[in-house]
Amino acid sequence: MLWSKSLETGIALIDEQHKELFRQVDILLDPANENRHKESLNFLDRYILKHFGDEQKLQAEAKYPKAAQHKKFHDDYVVVFRKLKEKYLKEGPSPANNMEINKTVVGWLKDHILVHDKEFAAYYKSLK
Ligand SMILES: [Fe+2]
């Protein structure tokens with residue numbers, strides 16, 4: 001599993017959703033699951049939106065000062081992900097496309113969680 005404990009934010013809803021995202025990417029990167037790749041890309045497409053929406057809602061409720069900047073990261077990423085999804089659906093799995101998923105999906109998610117989601121989580125927890 002690509003998810004690891006170091007990615008934990010301590011906000012249960014967010015952590016559960018992050019785990020689900022990584023579970024889907026695990027499917028996507030496993031050639032043995034090729035028949036499920038399309039389904040998992042479509043799932044990710046929907047789930048990323050839901051997850052970003054839930055995170056943004058939490059940030060708005062908590063009056064997070066960086067909420068607008070954080071939303072911009074999310075919005076930009078939706079565009080990047082959709083482009084990658086279209087390319088993958090057209091071309092199918094290949095070492096190059098798998099490398100791109102690793103960089104663009106796994107890499108982005110990890111960086112985003114470790115830096116930006118954790119920054120929000122620290123703020124969120126400091127309110128309690
Ligand atoms: Fe986020």
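Counting starts at 1 for both ligands and their atoms, following the listed order. Position 1 is the first residue of the sequence; numbering continues from there.
Listed by chain and number, the protein N, O or S atoms at a distance under 2.8 Å from the Fe ion (ligand 1) are Glu55 OE1, His70 NE2, His74 NE2, His112 NE2, Asp117 OD1.
Taking the six-membered ring where tryptophan is involved, the planes of Tyr123 and Tyr64 are tilted, since the angle between them lies from 30° to 60°.
Partners of His51 by ring-ring contact (aromatic ring centres under 6.0 Å, His included), not counting sequence neighbours, listed by chain and number: His18. Among residues two or more places apart in sequence or in another chain, the ring-ring contact (aromatic ring centres under 6.0 Å, His included) test is passed with Tyr77 by Trp108. Residues that satisfy the ring-ring contact (aromatic ring centres under 6.0 Å, His included) test with Tyr124, not counting sequence neighbours, are Phe120.
Shortest non-hydrogen contact noted between Gly92 and Asn97 is O-ND2, 2.9 Å.
A salt bridge between Glu8 and Lys118 is absent, with no side-chain N of the basic residue lying under 4.0 Å from a carboxylate O of the acidic one.
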